[in-house]
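Read the structure below first, then the notes.
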Amino acid sequence: MRGPHLLNVIDVEATCWPSAPPPGQVSEIIEIGLTVVDLTTRTRLAKHRILVRPQQSTVSEFCTELTGLTQSEVDTGRTFPKACAQLTAEHEAGDRSWTSWGDYDRKQFQRQCTTTPYPFSSSHTNAKAAFAAAFELRRPVGMAQALKIAGLPLEGRHHRGDDDSWNIAALVLLLAERRNWPG
């Protein structure tokens, strides 16, 4: 799948706790959700999920309740460098424009890419900001609230990378249909 009309929609889940991380642990990506959309045909083409094995943290009970991901499940995942290589090799992440809901996902990748090559192109759109501007909201809202505002259903489980990327893709396509998608 090639072409400038294709967009990678990314959503990550990371290790998390109800408050500060326990001593010696840091928030790390444990799941990368990716949905490829065709902005010309306004369709969601493919939904992908990459599990990532954390190296400096463990999945807390709080994190499992939020995401449904367990330590034993993410233990079967790829290392972060291999996940980034997969994004580049299979999803043209280094060449293709991409988006996420807010800047958290982009910044989390930047934080973790100290010794791993950053997998994405510099062409990133903050879909949360684009949605807020298109709907003339006083301040940006979360993805689930945006779906309600747009009259779209939440498909799958909220706080699962692949399902959230799928839902964000629906919002992106709505903005494209309304001619409110940047570019």
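Starting from 1, each residue takes its place in the sequence as its number. What you see is a predicted model; the values in this text were computed from it and never measured.
With sequence neighbours excluded, the residues forming a side chain to side chain contact (heavy atoms under 4.5 Å, CB included) with Ser121 are Trp98, Ser123, listed by chain and number. Every residue meeting the side chain to side chain contact (heavy atoms under 4.5 Å, CB included) condition with Arg49, not counting sequence neighbours, appears here in chain and number order: Glu31, Leu51, Leu69, Glu73, Arg160, Asp162.
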Start with the C-alpha gap between Phe131 and Met143, add the side-chain angles, then the distance that decides, and say whether side chain to side chain contact (heavy atoms under 4.5 Å, CB included) holds.
CA-CA 10 Å; Phe131 184 87; Met143 182 208 63; over 6 Å; no
Derivation and outcome, side chain to side chain contact (heavy atoms under 4.5 Å, CB included), residues Glu13 and Asp164
CA-CA 10 Å; Glu13 301 304 327; Asp164 283 354; 3.5 Å; yes
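Grouping the Ile, Leu, Val, Met, Phe, Trp and Tyr side chains by contacts below 4.5 angstrom, directly or via other members, places Tyr118 with Tyr104. Connection of Ile32 to Leu45 is established within a shared hydrophobic cluster, with ILVMFWY side chains joined at heavy-atom distances below 4.5 Å, either directly or through further cluster members. Val59 and Val52 end up in different hydrophobic clusters when Ile, Leu, Val, Met, Phe, Trp and Tyr side chains are linked at under 4.5 Å. By the criterion of side-chain heavy atoms lying less than 4.5 angstrom apart, applied directly or through intervening Ile, Leu, Val, Met, Phe, Trp or Tyr residues, Phe120 is grouped together with Phe80 in one hydrophobic cluster. Hydrophobic clustering (ILVMFWY, side-chain heavy atoms < 4.5 Å, transitive): Leu66 and Leu154 are in distinct clusters.
For the residue pair Ile50 and Ala83, the shortest heavy atom distance occurs at CG2-CB, 3.8 Å. When all heavy atoms of Ser72 and Thr76 are compared, the pair lying nearest together is O-CG2, 3.5 Å.
Between Lys47 and Asp163 a salt bridge is recorded (basic side-chain N to carboxylate O distance below 4.0 Å). Using a cut-off of 4.0 Å between Lys/Arg side-chain N and Asp/Glu carboxylate O, Glu155 and Arg44 are scored as salt-bridged.
Atom CD of Gln145 has more than 12 heavy atoms from other residues, nucleotides or ligands within 6.0 Å.
Side-chain contact annotation: Thr35 with His48, donor-acceptor N/O pair under 3.5 Å absent. A side-chain donor-acceptor contact under 3.5 Å links Ser57 and Thr15.
Remark: side-chain polar atoms of Gln25 are paired, donor with acceptor, to backbone N or O of Thr58 under 3.5 angstrom. Of the possible polar contacts, one joining the Asn126 side chain to the Gly102 backbone as a donor-acceptor pair under 3.5 Å is found.
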